[in-house]
Each structure stands twice: as C-alpha cells, then as structure tokens.
Amino acid sequence: MLKAALIVFAIAAMGGLFLASHVLRGRLAPWAVSVMHALLGATGLVLLIMGVGQGGAPSRATAALAVLVLAALGGFYLASIHLKGRVAPKAVVFVHAGVAVAGFLVLLSAVLGL
C-alpha cells in the first residue's frame, strides 16, 4: 500500500506543479486539473491510511501521513479560494507545496527503508 500511495502522490505532484505554474503567473488554474489533483491526493491519503492501519508500517509512514494531512488541509484552503474564482496567494501555494514535498520525502524514506 505504501508504494502505491507513493506513486499516486508522485502523479498528484505533477498536477500540483502545473497548478502552481498558473498561480505564479497570476492566472487561475484549470478547474479540471485542480479536481484531479485533489482526487489523486485524497486517493494517496486513503492508500497511506490503509497501509499504516494494517500495522507493520515504519513509524516514518505514520509521520508522513500526519504531514500529508496538513498538506491536504492547505489544499482545502486553496480550493476554497479557487471556488471563489480568485487566484491563490503565492505564499500559501509555496507553503502547501513545501509541506506536501516534505511529507512525500518522509514517505519515500519509509518505503525505501532509509
């Protein structure tokens, strides 16, 4: 489950880079890509919850889950801004991305056993 979560988060990250590129240019990102990014992130979280919940997962996987839940909360905030038809503040996008990358790297270290 942890490897599957890692792969799904990696795909979600590609969509996140695309979304961030729009925000950094001051443009509203395409809604379809935002929804896909959110669905992939949610899928990754469900897979990670399942992997941690089955037991035997490294403690770093649990730490990654906590960090990625924080990133998801930031994503909900960004989505609320997007729903209002406004471009998100760049600082919020950077914080969301930074937290998500940190969580991804912790999960990567858990999967690779580093």
Side-chain angles (χ1 to χ4, degrees):
M1 286 293 168
L2 298 182
K3 287 181 185 177
L6 189 68
I7 291 166
V8 171
F9 281 128
I11 296 167
M14 287 186 260
L17 287 171
F18 178 79
L19 295 169
S21 73
H22 276 74
V23 171
L24 294 175
R25 289 179 281 166
R27 295 178 23 208
L28 195 61
W31 184 247
V33 179
S34 296
V35 170
M36 186 57 66
H37 176 69
L39 290 174
L40 286 166
T43 301
L45 280 177
V46 168
L47 290 169
L48 185 51
I49 289 166
M50 290 171 60
V52 169
Q54 288 176 347
S59 60
R60 284 174 298 197
T62 304
L65 176 59
V67 174
L68 289 164
V69 165
L70 289 175
L73 293 173
F76 286 129
Y77 176 67
L78 289 169
S80 74
I81 294 169
H82 196 167
L83 278 170
K84 295 174 186 171
R86 298 187 318 213
V87 176
K90 293 174 186 174
V92 176
V93 171
F94 281 123
V95 170
H96 169 68
V99 172
V101 168
F104 180 85
L105 292 175
V106 172
L107 180 57
L108 179 64
S109 75
V111 169
L112 297 179
L114 300 175

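Not measured: the values here are computed from a predicted model.
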### Query
Same cluster or not: are V92 and V67 linked, directly or through other Ile, Leu, Val, Met, Phe, Trp or Tyr residues, by side-chain heavy atoms under 4.5 angstrom apart?
no

### Task
Using a 4.5 Å cut-off on heavy atoms from C-beta on, say whether the side chain of V99 contacts that of F94.
no

### Close side-chain approach of L2 to P58, heavy-atom, < 4.5 Å
yes

### Query
Is any side-chain heavy atom of S21 closer than 4.5 Å to a side-chain heavy atom of R27?
no

### Task
Answer with yes or no whether the hydrophobic clustering places V35 together with L83; edges join I, L, V, M, F, W, Y residues whose side-chain heavy atoms lie under 4.5 Å apart.
yes

### Query
Do V93 and V87 belong together in a cluster built from hydrophobic side chains that touch within less than 4.5 Å?
yes

#### Entry: Pairs satisfying side chain to side chain donor-acceptor pair (under 3.5 Å), at least one member in residues 67-84, at least two apart
S34-H82

### Message
Ignoring hydrogens, what is the shortest heavy-atom contact between A64 and G103? Give both atom names and the distance.
### Response
CB-O, 3.6 Å

### Query
Can you check whether L28 reaches H22 side chain to side chain, under 4.5 Å on heavy atoms?
no

### Message
So, taking the atom named CG in L6 and the one named CZ in F104, what distance separates them when rounded to the nearest 0.5 Å?
### Response
4.0 Å

### Atom of K3, atom of V111 and distance for their closest heavy-atom approach
CG-CG1, 3.6 Å

### Task
Indicate, with yes or no, if L45 and L78 share a hydrophobic cluster defined by side-chain heavy-atom contacts under 4.5 Å among Ile, Leu, Val, Met, Phe, Trp and Tyr.
no

#### Entry: Whether H96 side chain and G74 backbone form a donor-acceptor pair below 3.5 Å
no

### Message
So P89 and V23, do their side chains get closer than 4.5 Å, heavy atoms only?
### Response
no

### Query
At their closest point, which heavy atom of A57 faces which heavy atom of V52, and how far apart are they?
CB-CA, 4.1 Å

### Query
Nearest 0.5 Å, what's the CG-NE2 distance between L17 and H37?
9.0 Å

### Message
Measuring only between side-chain heavy atoms, which start at C-beta, is F9 closer than 4.5 Å to L40?
### Response
no

#### Entry: Residue that, paired with V8, satisfies side-chain contact (heavy atoms from CB on, under 4.5 Å) out of L48, L39, V46, L47
L47

### Message
Do L65 and L70 sit in one hydrophobic cluster, given that two such residues count as connected whenever their side-chain heavy atoms are within less than 4.5 Å of each other, even indirectly?
### Response
no

